[in-house]
*Asks:* 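Provided herewith is a single structure, encoded as structure tokens, for subsequent inquiry.
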Amino acid sequence: MKDLIFQRKKYFTRIGGFLFILFLLIAIFSHFIAPFQLRDRFDPFLPPGLKHLLGTNDIGNDLFTEFVYGSRTTLLVGLLTGAFAVSIGVLVGLFAGYHGGVIDELLMGITDVVLIIPRIPLIIVLSAFLRPSVGLMILVMSILWWTSTARIIRSRTMQIRSMGFVESARCLGFSSWHILFYEILPNIVMIIIPEFLITVASAMISEASLSFLGLGDPTLKSWGMMIHHAFQRGGFLNGMWWWYIPPGIGITLFVLSMVFLSFAFEETEIGIGEEVAIVPFNR
Amino acid sequence: MVFPAKKVLRYIFALFFIVSLNFFLPRAMPGDPVINLLGEDFIAGKEAVEKIREELGLNRPILVQYASYWKNLLRFDFGYSYHFRARVSSLIISRLKWTFILVAPSLILGTIIGALAGSLAGWKRKSKGNTFSFLFFLFIYCSPPFFISLLLLYFFGFRLGLFPLKGFYTTGNWIDILKHLFLPVLIMTLFSASRNYMVMRGSVLQEKEKLYVWYARAKGHLEDSILFQHVFKNASLPVITLFALDFGFLFSGALFIEIVFSLNGMGTLIYQSILSRDYPVLQGTFLTISFMVIIANYLTDWIYNWIDPRVRANR
Amino acid sequence: MIELQNIFYEYSKGWPRKQHQIVLSDISVKLCMGKTFGLMGHSGTGKTTLGKIVVGLIKPYLGKISFHGKDISQLASPDWLFFRRKVQMLFQDPQGSLNPKKRIDASLRDILNITKIPFNQQKQAIEDVLKTVGLSTDFLLRYPAQLSGGQNQRISLARILLLKPEFIVLDEPTSALDISVQAQILFLLRELQKNHGLGYLFISHDPEVIQYMSHSIGILKDGNLDIIQEG
Amino acid sequence: MSLLTVERLNVVFTTYQGKVKAVKNVSMTINYQETLALIGETGCGKSVIAQSILRLLPNNAQINGSIIFQGRDLLLVDEKTMASIRGKEIAIIFQNPSLALNPVYSIGWQVGEPFRIHQGVDRNQSIQESVRLLSYMKFDKPESAVKMYPFEFSGGMNQRALIASALALHPNLIIADEPTQGLDRTLIKQIIEQLDRARKIHSSSMLLITHDLTVARSISDWIMVMYAGEIVEQVPTLDFFQSPMHPYSQGLLRSLPENGFHPIPGQSPSMIENLSGCQFHPRCQWAREQCRWEKPGLFPINRRMVRCFLYD
Amino acid sequence: MIQHKKKIAIVLLTVFSLFFLMTFVSHGEEVVLRIGSPNMVSTANLVFDDYLPVFAHISNPPLTKMNTEGQIVGQSAKLIEVSSDNTTWTFHLNDSLYWSDGQKVTPQDVKFTIEFIAQNVPWAGWLKEGLQDISIQGPNAVVLKFKKPHTQINRDLSSYNLLPKHIWEKVESPQDYSNPGENIGCGPFYIKKVDLNAGIITMEKNPYWKGQTPQIGKIEIHLYNNVDVLSLALEKGDVDTYYRYASSYPYQNIERLKKTGRFDFVEKLNIGLYFLAFNLKRTPMSDFKFREAISYAINYPEILKLDGLDYGNLPARGFVPNSMDHFFETELLTYDLEKANRLLGEAGYIDSDKNGIREDLAGKDINLTMLVEPDYVRRSELIKYYLEEVGIKVTMKNVDESTWIALKDQYEYDITVTRTTPWGMMVHGGWGTAYFDSRRTGEGVLHIIDDPIFLGLVDGLLSTTDPGKIKELAHSVQSYYAENIPAIALYWNMIITPFNREFTGWQPDPLFGIYNIDNFVNLKKVF
């Protein structure tokens with residue numbers, strides 16, 4: 001029976017891993033994969049065909065090429081935001097959970113405050129004041145998206161701190177730094193990874209949603225922007241699914257691959273504590 | 001219901017921080033604060049601008065401004081929107097009502113459906129129905145809200161012609177309102193449910209290995225009654241935490257749905273004020289949503305307290 | 001020799017109004033090298049707290065601990081490090097006192113690294129210490145979860161021994177172990193004391209074990225220590 | 001006529017590391033109103049037997065053999081029948097009472113649960129019943145105790161609540177799985193006495209699983225010694241403490257405090273590796289060439305059975 | 001649990017079928033014209049909202065209007081007189097105008113309206129500054145006296161709605177007066193209700209309307225946030241026609257609508273247009289030869305095809321589209337890469353280091369900063385491609401509308417793509433001069449030409465009301481554009497309005513399209 005479960009998990013993990021690597025390769029090797037240049041123009045509104053796998057858009061750009069290059073921006077936004085946000089969250093969570101006391105109160109107080117701030121409205125307010133750009137988006141999302149990670153890491157760190165080996169390490173004379181990063185960190189990697197994946201997914205969906213609102217950077221080629229143009233220029237209404245479905249499915253599949261991968265990590269560790277299951281996924 | 005002073009203090013601090021952020025943001029941003037405070041839609045002669053600068057007290061020291069800002073807030077005065085020609089507070093109140101009608105049922109339905117389906121999926125992972133529901137909710141979970149909204153509007157509203165394409169109502173009787181709200185509420189419910197589903201599923205997966213589950217089995221419980229009499233209450237604790245977060249999320253999610261369905265709620269208000277750069281409204285809505293989330297957090301604590309005796313005792 | 005003078009400890013809880021609970025009050029005791037002091041008491045009476053105070057993991061609320069005549073709260077950095085290495089503690093939970101994500105080998109090498117033993121001598125040192133605690137080198141590549149309780153406790157002991165301690169606080173080292181394993185560990189501890197002249201503070205709730213191990217015995221009750229048998 | 005007969009029970013777990021043979025060919029019998037103590041080291045498969053009887057093994061376990069309880073083979077009955085047996089005819093007490101109780105429900109709610117499950121009693125009445133049960137277990141204020149939650153109780157109190165719940169419906173068989181693990185010595189005595197008294201009043205039988213020989217000695221009628229998934233000796237309690245026959249039993253007794261903590265050398269084998277011959281031979285001072293290759297059978301001597309060539 | 005699932009499924013099915021049945025509820029008999037519009041009204045304010053004033057043009061008709069030929073004529077005013085020094089304007093009111101509550105429209109109403117506008121509307125500052133005196137002459141005439149000559153006041157007043165004095169003077173703070181209920185009007189229809197939660201503005205017949213009786217009983221303006229959803233609503237039959245101020249129905253959606261067979265289209269050449277503007281205060285844009293060369297680098301047919309889907313015409317050097325009054329024919333703009341390259345070379349812009357980018361006269365690579373507003377991304381992208389084709393590098397700078405305004409006011413850009421509205425083409429001197437005159441400011445105003453010749457032409461236009469003279473000057477302005485190319489028209493587009501064939505008699509004007517009184521009183525439902 002257990003074999004069945006293992007196999008199922010492997011199945012999800014494999015699909016997730018395969019998709020993830022596929023998208024990553026597409027992003028990295030855009031130059032080789034894309035059949036044309038971004039600037040090359042052909043007849044507009046061509047349906048998918050042999051020459052143009054996904055047809056062409058309103059100004060005659062090859063959509064497959066746009067899709068391939070667009071993966072770069074979208075993945076970059078997602079991965080960078082994920083990396084930054086999770087790093088902040090891990091550091092805050094580790095310190096708060098390990099030191100406890102005043103530091104914990106302070107850091108968790110800040111976390112609570114940031115958690116309460118409505119994310120999308122704040123991004124909207126900020127992009128309204130400042131000018132929309134990828135950098136700003138990554139920055140703002142990074143400083144808003146770390147809270148759930150911090151909470152979970154904290155509660156896990158607190159659990160681990162009370163475990164004998166941390167106390168034993170303190171007793172044996174290891175420095176706090178060593179204990180935090182060599183003793184505790186390896187024990188929470190299993191939570192950090194799914195948190196990272198979920199954050200990446202959330203950032204990508206947010207990027208697309210903001211682009212849809214016209215708050216993205218329109219001069220940039222991202223999947224969100226492709227969808228934005230498709231909706232702006234009648235692609236949706238005229239049933240040109242090849243225009244908006246591939247980037248949409250691209251986002252969904254990439255996010256899905258992330259979630260699948262995160263399940264693989266989630267299920268190896270049982271009894272992490274209640275908070276792990278909280279995966280706030282704010283868009 | 002008395003709360004630990006620490007928690008209340010945190011909420012007060014959060015509120016204080018958000019209000020301050022709201023105050024300093026427009027003043028710290030590049031450009032003329034008058035424009036940043038009134039919105040770029042506002043066109044006036046130089047004299048008028050000076051007059052307003054005087055009225056807003058922008059010439060006074062920043063701390064004095066800050067104090068009077070607080071005073072105004074406590075009187076529920078969020079300023080004046082030159083774009084809407086109305087007080088921001090009255091504007092928000094009139095819109096909030098509608099968004100609430102949209103969000104509240106979605107939140108409740110979504111939580112119930114998500115928690116039920118999620119707990120079943122976590123409990124009996126192997127059944128076909130659960131695999132299907134898992135993939136279904138995962139797909140919703142992984143899709144941008146506007147995308148799903150447009151697709152559903154296209155198929156149910158246009159293709160099948162079952163539902164109207166815009167507005168909260170046409171004639172205003174309750175059947176009419178229900179008909180208009182059906183698709184938006186359905187979509188929001190799906191999103192809320194998908195989040196709750198994922199959390200509940202993970203939570204049940206963790207809980208089901210715990211000893212008390214085996215003990216319940218040893219007492220002679222059948223599988224389903226273990227789930228609903230023992231595991232559910234424990235596993236729903238993270239979902240309750242999510243309830244508060246969901247609140248903020250639904251308000252933001254409502255933004256996209258309101259735009260697609262041309263609903264005159266908070267989301268559209270935000271959208272319209274983005275388009276016209278109506279900063280007083282943007283800030284007012286931001287503050288309102290933050291406030292709602294804080295209240296939701298408070299409520300969550302309350303429910304949590306009620307369900308989890310451990311928290312009750314730790315006070 | 002470690003001397004505790006008038007140790008007080010209290011546990012406070014709640015915010016903003018704190019509730020205080022006195023755990024240890026006015027405890028004075030001398031712990032000698034080469035001898036075992038047995039500390040008995042029911043669970044929750046602060047035995048472990050006292051143990052942690054002895055090794056300096058917890059600072060007492062009041063009172064003085066001196067190591068070889070020096071007050072440890074006054075120790076400068078190098079002396080403190082010396083104290084930290086020479087006075088060690090073995091914890092109750094054998095599974096928990098080793099990092100579950102590290103192989104035994106890495107756990108042991110970490111200790112050698114902080115004591116600045118050069119890499120080429122590490123292998124020998126590890127082999128020696130494993131021999132002392134009665135384990136083969138086969139265990140080096142395993143994780144703590146793959147070892148039994150008794151084996152883990154031996155590894156924990158090996159880690160402590162690598163620091164060449166003078167005094168070890170043994171906090172219920174066998175209460176989680178089976179009877180036959182308990183006998184093995186107790187036997188090993190007595191052997192070590194004989195060979196290395198170690199001093200022990202042996203904490204347990206089991207009178208028979210205390211009797212077997214200790215030269216002098218004290219009972220902790222309601223925060224007070226009664227010495228019932230002088231060594 | 002025996003209450004429970006286990007025959008040729010084999011339990012295999014499939015894990016990442018390989019197949020674990022936790023229980024190998026175990027047969028045993030528990031008579032009416034008798035207590036059988038199953039003793040052995042941690043991880044020797046004692047608890048697995050208990051869980052097999054109640055069919056409470058995790059999904060990765062494979063069970064073979066037969067478990068006849070009052071004429072029915074528990075491994076063959078359907079899940080519904082099994083559920084009606086659990087808690088009513090066979091009750092179990094776990095070794096970690098604080099984890100076995102559900103943290104978010106009150107003690108009263110949980111102790112009275114068997115009444116609700118098996119007798120369809122309503123909530124209030126079941127709590128009344130649990131007041132009765134708790135007072136029976138010598139709780140100071142049972143009326144207020146039922147309103148408490150497990151985290152507010154010490155381990156010993158939780159264990160007593162668990163015992164109270166187990167005895168609720170006068171089961172024919174009580175399985176106590178290390179009921180005293182992690183408790184203070186004084187408390188152990190108290191709990192064991194209460195357990196035994198309750199058992200006798202309800203004229204139940206008991207399967208006591210423990211590694212604590214003192215506990216086994218105080219209340220059991222029979223002792224069964226397990227080593228590495230096998231039964232190595234089955235013997236009336238008195239005989240066991242007077243004259244243990246299997247070298248492992250002898251070693252166990254020697255490592256008791258009163259006998260001077262003399263350890264058995266070496267360590268128990270891993271359950272994954274297949275050790276040939278007698279499982280104890282690497283640690284046995286009497287081991288000879290035969291023990292290395294040939295597995296000894298259970299040899300009957302008087303009322304006891306011993307798995308050792310010494311008694312061939 | 002299986003039973004639970006079944007129950008849930010049954011409940012869902014019931015709810016679902018209930019809604020399905022409800023879709024068959026039928027509508028009333030009265031002829032209703034339903035107009036779908038993406039121009040979101042955000043507050044029920046007749047003066048300050050973005051779009052409600054436009055919709056109120058038929059309920060509170062302004063004094064003047066533009067007729068279908070593009071000339072300014074009287075609407076609420078039947079006769080307009082101007083003194084020879086162009087400072088005193090007299091508006092004689094149409095005496096058959098009545099408010100929907102039965103009161104007669106009086107000169108006091110007009111006076112009140114103009115004073116209110118001058119006082120409160122920020123973008124009518126010119127009225128406040130220039131107006132010397134308003135007086136009432138006789139029973140139905142209003143006299144406006146200005147401090148200096150004002151030649152185009154009749155045109156400027158065509159966008160301000162008449163307000164009923166007897167209602168508005170009682171309002172406490174008329175600046176904030178928004179009324180979602182009945183707004184008294186004097187046109188053929190009046191605003192019955194502005195229900196923003198339903199997204200519907202309802203207009204009913206004015207019972208006291210004395211002009212031509214409208215054939216339709218009621219107008220409903222349905223507001224949609226999303227244009228695609230609006231197009232679906234048209235196709236579904238939720239609305240009969242489409243209206244968006246100064247804009248066409250999206251070209252991409254036309255074919256689809258045509259296929260339904262239920263729609264016809266009003267096609268009208270737009271007075272406004274999309275154009276490429278140069279910052280003439282910077283090199284090399286200040287060099288005429290450079291601009292001339294660039295005018296050959298742009299692929300006009302392609303941009304018309306891609307951006308306008310061929311709904312329009314190729315532009316001429318004279319900038320002004322042929323739909324405008326006094327159009328003067330100039331040479332058509334042509335796409336000639338070879339010529340563009342040749343001209344650039346001749347003017348000294350050569351790629352001497354062979355990196356694919358031409359250098360300016362100082363020897364540095366040309367790298368033009370192009371301001372790009374979100375709505376103009378596609379056009380801008382195309383321009384970038386065209387310029388790069390002739391060796392001119394373009395960097396796109398993404399800005400929103402307000403930043404665009406700020407940067408162009410500070411001349412912080414090289415080129416930008418923007419558009420003119422019909423209104424913008426006509427104000428100031430007319431013929432687009434409003435956008436270029438360096439003495440002007442305003443939202444879309446580029447103020448890049450300070451050439452005295454051009455300014456002289458504008459001043460000439462501003463100081464005359466003589467039709468002959470105006471025509472002559474209009475031609476000169478167009479020639480000036482053709483000779484100097486301060487900006488390049490990209491294409492002249494059509495404004496296309498789809499309408500349900502059930503309605504006939506459409507009469508769009510160039511300024512407000514179908515949204516004018518003549519159109520609505522003439523509309524008839526055929527079936």
Side-chain angles (χ1 to χ4, degrees), chain C residues 38 40-45 47 92-96 130 133-136 138-139 141-143 145-155 172-191 202-214 219-221, chain D residues 15-18 20 39-44 46 95-96 154-156 178 180-189 210-217 225-228 247-273 280 282-283:
Chain C
M40 251 187 0
H42 291 302
S43 49
T45 47
K47 300 189 301 275
Q92 175 178 9
D93 175 17
Q95 218 82 38
L130 284 181
V133 298
L135 287 176
S136 74
D138 302 348
F139 293 104
L141 290 179
R142 299 210 193 155
Y143 287 97
Q146 293 168 298
L147 302 185
S148 72
Q151 287 161 346
N152 274 316
Q153 206 62 302
R154 283 168 201 261
I155 298 290
E172 311 226 16
T174 59
S175 70
L177 303 178
D178 291 334
I179 291 172
S180 56
V181 184
Q182 169 178 327
Q184 289 178 337
I185 297 287
L186 293 179
F187 183 76
L188 174 65
L189 285 170
R190 284 179 71 147
E191 286 291 301
F202 194 98
I203 300 172
S204 176
H205 63 255
D206 189 333
E208 283 156 329
V209 174
I210 289 271
Q211 279 290 347
Y212 174 70
M213 288 296 290
S214 314
I219 293 184
L220 197 60
K221 199 176 179 190
Chain D
T15 67
Y16 282 117
Q17 276 120 30
V20 177
I39 55 180
E41 276 172 36
T42 309
C44 72
K46 303 182 300 255
Q95 60 170 301
N96 204 334
S154 67
E178 308 256 17
T180 58
Q181 173 81 345
L183 298 180
D184 271 358
R185 222 147 253 275
T186 43
L187 213 58
I188 290 179
K189 217 174 147 204
T210 183
H211 67 255
D212 191 335
L213 291 178
T214 335
V215 170
R217 175 187 233 165
V225 184
M226 265 187 99
Y227 184 77
Y248 175 66
S249 309
Q250 292 167 356
L252 267 184
L253 280 175
R254 264 208 309 281
S255 56
L256 279 178
E258 58 264 40
N259 300 335
F261 292 109
H262 294 293
I264 309 169
Q267 274 130 18
S268 356
S270 144
M271 305 284 265
I272 298 174
E273 294 152 24
F280 190 63
R283 304 171 73 184

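Letters A, B, ... are given to chains in the order of the sequence lines, protein chains preceding strands, and every chain is numbered from 1.
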*Asks:* Need one label for I179(C): side chain, backbone, both or neither, based on atoms under 4.5 Å from any heavy atom in chain D.
*Replies:*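 Contact with chain D involves both backbone and side-chain atoms of I179(C).
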*Asks:* To the nearest 0.5 Å, what is the distance between OG1 on T214(D) and CD on E208(C)?
*Replies:*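 Separation between the atoms: 7.0 Å.
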*Asks:* Side chain, backbone, both or neither: which part of L213(D) has a non-hydrogen atom closer than 4.5 Å to chain C?
*Replies:*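 Backbone plus side chain of L213(D), per the 4.5 Å heavy-atom cut-off to chain C.
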*Asks:* Scan side-chain atoms only and decide if S255(D) and Q182(C) contain a donor-acceptor pair under the 3.5 Å cut-off.
*Replies:*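 Looking only at side-chain atoms, Q182(C) and S255(D) do not form any donor-acceptor pair under 3.5 Å.
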*Asks:* With a 4.5 angstrom heavy-atom cut-off, which part of S180(C) approaches chain D: side chain, backbone, both or neither?
*Replies:*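 Looking at S180(C), backbone and side chain both touch chain D.
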*Asks:* Please classify the contact between I185(C) and chain D as side chain, backbone, both or neither, with a heavy-atom cut-off of under 4.5 Å.
*Replies:*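 Neither part.
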*Asks:* Quick one: of G149(C), P207(C), A183(C), who has the most non-hydrogen atom pairs under 4.5 Å with chain D?
*Replies:*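 It is A183(C).
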*Asks:* With rounding to the nearest 0.5 angstrom, report the NE2 to CG distance, H262(D) to L186(C).
*Replies:*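 Atom-to-atom, H262(D):NE2 and L186(C):CG are 12.5 Å apart.
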*Asks:* Let me know if E172(C) has heavy atoms under 4.5 Å from chain D in its side chain, its backbone, both or neither.
*Replies:*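 No part of E172(C) comes within 4.5 Å of chain D.
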*Asks:* Need one label for R154(C): side chain, backbone, both or neither, based on atoms under 4.5 Å from any heavy atom in chain D.
*Replies:*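 Only the side chain of R154(C) comes within 4.5 Å of chain D.
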*Asks:* Between Q184(C) (side chain) and I264(D) (backbone), is there a donor-acceptor pair under 3.5 Å?
*Replies:*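 Side chain of Q184(C) to backbone of I264(D): a pair is present.
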*Asks:* Could you go step by step and tell me if L135(C) and Q267(D) meet the side-chain contact (heavy atoms from CB on, under 4.5 Å) rule?
*Replies:* CA-CA 10 Å; L135(C) 287 176; Q267(D) 274 130 18; 3.8 Å; yes
*Asks:* Name the residue from I39(D), D212(D), T42(D) that meets the side-chain contact (heavy atoms from CB on, under 4.5 Å) definition with D178(C).
*Replies:*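 Looking at I39(D), D212(D), T42(D), the match for D178(C) under the side-chain contact (heavy atoms from CB on, under 4.5 Å) is T42(D).
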*Asks:* Step through the shown structure and confirm whether more than 12 heavy atoms of other residues, nucleotides or ligands are within 6.0 Å of CZ on F187(C).
*Replies:*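 For F187(C), atom CZ is not crowded (no more than 12 foreign heavy atoms under 6.0 Å).
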